[in-house]
Each structure stands twice: as C-alpha cells, then as structure tokens.
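The structure appears below as structure tokens.
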Amino acid sequence: MDWNKTKTIFIVVFSILNIFLYFLYLNQRTEAQNVQVAGKASIEDLMKQENITYNLPQVVKNDFSHIFADVKSFSEEELETLEDQSIVIVDNTTIESEMIIPVSIRNEKEDYHFNDFLAKYIWHGAEYEFWEVDKEKRKAIFFQKVDGEPIFYSPNATLTIYWDENYEVTHYEQRMLEEFSSKNLKRDMLTQDEAVGSLVTRGYLKQDSKVLKVTPGYSATLVSTKNQVFAATWNIRVELKDGTIENHFINAIEGKVIDFHLEKMEEEELDEVEDEEE
C-alpha cells in the first residue's frame with residue numbers, strides 16, 4: 001500500500017472539508033447579520049409608520065447587573081441631628097416624622113423645590129431622587145439611589161413627603177436600604193435601543209408618541225423582611241400626543257415588561273410578611 005499517496009489523499013480531503021466549513025461559517029454569519037439588520041430596520045420602519053419619535057443618545061452601562069441590599073434599621077440616636085420635627089420609628093425600619101415648624105417647598109417662581117428640605121430635614125436626603133408629585137394628594141415621591149441610579153418603586157427605598165394647602169411640609173415617611181453589594185452574573189443585558197425596540201414591537205408605545213428619556217435603574221426581584229435583590233431595569237419615559245406622560249419599565253436581564261405601582265407593591269410586601277409569620 002502506498003502510504004504517501006494515501007496521506008496526500010487525506011490532506012486534500014481535509015483541505016476541501018475545511019474550505020467547505022469555512023464558507024458555511026461565512027454564510028451563517030452573513031445570514032445572522034442580515035437578520036439583525038432586518039430586525040433593526042423593521043423596528044425603525046414600525047416607528048416611522050406609527051410616528052414614534054426616538055432621537056436620544058445611547059446610554060452605555062457596563063456594570064449593569066444585580067445588586068443586593070439590606071433594609072436599614074434606624075436608631076433614635078442617629079436621628080437626633082434632624083431638627084424641628086417629631087420622629088417616631090416604626091418596626092425599626094420606618095421613619096414617621098411630623099414637622100414642628102412648617103417648611104415651604106415652593107420657590108419664588110412658585111415651582112416645587114425640595115432640595116433644601118432634603119438636605120436639612122431628611123436622613124441622608126442626598127441619596128434620594130425626585131420621582132413625581134401628586135397634586136391632589138399633596139405629596140411627592142422620591143426613590144433611593146444606588147451608584148447614582150434610582151431603585152424604582154421599592155417600598156423599602158422610598159421617601160414620601162406631604163404638605164398642606166400653603167405648600168408647607170406637614171409630615172413625611174422614609175425607608176432606606178443599606179449594605180449594598182453587586183454581583184455580575186455575566187449575562188447579556190438589553191441595551192437602551194433594544195429596550196425601546198422591545199416596547200415598540202410589543203405595542204406599548206402608542207402612535208404619535210415621543211420617547212423623552214431612557215434611564216437605567218433597578219427593580220426588586222426578591223423581597224423579604226430583611227434582604228433585597230434588585231435587577232437592572234430600564235425606565236422609558238414617553239410623552240403621548242395629548243401631552244400625557246407614561247413611564248414604562250423593562251427588566252434588562254430577562255426582557256420582561258414590569259407593571260408596578262407603589263401601593264400594589266406595599267400590599268404584596270405585607271402579604272409576604274404575613275405568609276412568613278404563618
């Protein structure tokens with residue numbers, strides 16, 4: 001048997017096979033790129049068709065993943081520096097404060113102004129970010145921040161301020177998280193554009209609307225009386241044709257659209273606590 005001839009045949013066969021596999025790889029890669037481009041194009045076409053405006057720069061979050069935290073327990077000693085208010089600590093975790101001296105939260109232009117009140121009367125007030133004002137109920141909601149990003153609608157990370165008809169603060173309620181830590185689970189995250197595109201294809205963004213802002217933050221995935229786990233979340237703020245503002249939230253890890261309200265989450269948390277006690 002001529003081994004040299006056999007060896008040559010094997011070399012030729014394997015060379016042909018390698019060339020075939022290489023071209024197969026190139027073909028598959030090209031098809032994948034075409035699908036991505038087509039998908040992006042279809043989303044852009046759909047936005048044009050629905051007259052949805054989206055012209056925002058891309059926010060890149062390389063450290064966007066899960067965070068872990070504990071519910072803060074307050075002590076009377078650490079709150080002694082807070083002036084002109086009567087404070088009650090409920091269940092070690094909630095500050096309920098009544099203002100002794102009324103404090104205005106309107107400036108000379110008659111706009112809402114909370115910065116001074118947060119700085120002087122709220123424990124670590126700089127850690128909270130304004131979210132919204134409810135004019136009918138005369139209250140404002142603030143979300144606690146971690147690494148500069150808000151924790152959306154967590155009862156354990158929310159500050160609520162109330163005022164009277166003269167726009168003077170009467171009382172507030174505060175809860176906080178502490179001992180933050182992060183853990184990168186090395187999973188692909190939805191980018192800002194992918195989050196907006198996902199809402200478009202699912203029909204969440206209405207015709208003639210405008211995407212005003214896309215903000216990174218966190219939302220609860222596991223809630224207990226002590227430990228908390230939060231997932232990376234995108235907040236997409238949209239203005240409708242009639243001027244109404246809508247906020248949409250999408251989990252950047254699982255891709256799920258989140259529909260939550262503070263009152264609903266408070267009820268769910270109470271139910272979980274009752275279940276644990278039983």
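Hydrogens, waters and symmetry mates are skipped; everything else that's a heavy atom, side chains included, is used. Computed from a predicted structure; not experimentally measured.
Annotation: side chain of Y162 is in contact with side chain of E173 (closest heavy-atom distance under 4.5 Å). Proximity of W234 to V214: side-chain heavy atoms (C-beta onward) are separated by under 4.5 Å at one or more points. Between E194 and T191, some side-chain heavy-atom pair lies under the 4.5 Å cut-off. In this structure the side chain of V169 reaches within 4.5 angstrom of the side chain of F117, judged on heavy atoms. Contact annotation: the side chain of I122 never approaches that of F114 to less than 4.5 Å [non-hydrogen atoms, C-beta and beyond]. A 4.5 Å side-chain heavy-atom check between D259 and Y204 finds every atom pair outside the cut-off. Within the 4.5 Å cutoff, the side chain of N156 has heavy atoms near those of the Q228 side chain. Residues I89 and L79 have side chains in contact (heavy-atom distance under 4.5 Å, counting atoms from C-beta outward).
Rounded to the nearest 0.5 angstrom, I52 CD1 and D208 CG are separated by 8.5 Å. Note: I161 CD1 to M99 CE = 9.5 Å, rounded to the nearest 0.5 Å. Remark: S219 OG to Y153 OH distance equals 12.5 Å, nearest 0.5 Å. Interatomic distance, I258 CD1 to T233 OG1, rounded to the nearest 0.5 Å: 4.0 Å. Within the model, atoms CG of D70 and CD of E178 stand 6.5 Å from one another, a figure rounded to the nearest 0.5 Å. A distance of 12.0 Å separates CD1 of I245 from CD of E132, quoted to the nearest 0.5 Å.
The minimum heavy-atom distance between I250 and A195, with the atom names listed, is CG2-CB, 3.6 Å. Residues I253 and H66 approach most closely at CD1-CE1, 3.1 Å, considering heavy atoms. Heavy-atom minimum distance, E254 versus N251: N-OD1, 2.9 Å. Among all heavy-atom pairs drawn from G217 and F152, the shortest one is CA-CE1, 3.5 Å. The minimum heavy-atom distance between Q192 and V59, with the atom names listed, is OE1-N, 2.8 Å.
In summary, the side chains of D242 and T244 do present a donor paired with an acceptor at a separation below 3.5 Å, with no hydrogens or angles considered. Remark: the D193 side chain and the Y54 side chain contain an N/O donor-acceptor pair separated by less than 3.5 Å. No donor-acceptor contact under 3.5 angstrom links the side chains of E96 and Y172, judged on distance only. Under 3.5 Å, the side chains of Q207 and N51 contain no donor-acceptor pair of N or O atoms. At a cut-off of 3.5 Å, with distance as the only test, a side-chain donor of S97 or Q85 sits close to an acceptor on the other residue.
With E127 contributing its side chain and H124 its backbone, the two residues share no donor-acceptor pair below 3.5 Å. In this structure, the side chain of T201 engages the main chain of S198 through a donor-acceptor pair within 3.5 Å. Counting only distance, with no hydrogens or angles, the side chain of N166 and the backbone of E168 share no donor-acceptor pair below 3.5 Å.
For the pair K72 and F74, the cation-pi test (distance below 6.0 Å, angle within 45°) is passed. For R175 and W123, the positive end is not near the middle of the six-membered ring at less than 6.0 Å and at most 45° from its axis.
No option in R237, K206, K210 other than K206 meets the salt bridge (charged side-chain N to carboxylate O under 4.0 Å, His left out) test with E246. A side chain to side chain contact (heavy atoms under 4.5 Å, CB included) with F230 is found for one member of L177, T221, V146 and no other, namely L177. Across K145, Q144, Q174, a single residue satisfies side chain to side chain donor-acceptor pair (under 3.5 Å) together with Y128, and that is Q174. Partner of F143 under the ring pair (Phe, Tyr, Trp, His ring centres under 6.0 Å) criterion, out of F130, W131, Y218: W131 alone.
Hydrophobic clustering (side-chain heavy atoms under 4.5 Å, transitive across Ile, Leu, Val, Met, Phe, Trp, Tyr) groups L56 together with L46.
Ion pairing between R138 and E165 holds under the 4.0 Å rule for side-chain N and carboxylate O.
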Show, in sequence, the C-alpha distance, side-chain angles and deciding distance for F68 and F180, and conclude whether the ring-ring contact (aromatic ring centres under 6.0 Å, His included) test is met.
CA-CA 6 Å; F68 302 81; F180 288 99; over 10 Å; no
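Heavy-atom neighbours of D164 CG from other residues, nucleotides or ligands within 6.0 Å: above the threshold of 12. Crowding of Q58 atom CD: a count of heavy atoms from other residues, nucleotides or ligands under 6.0 Å exceeding 12.
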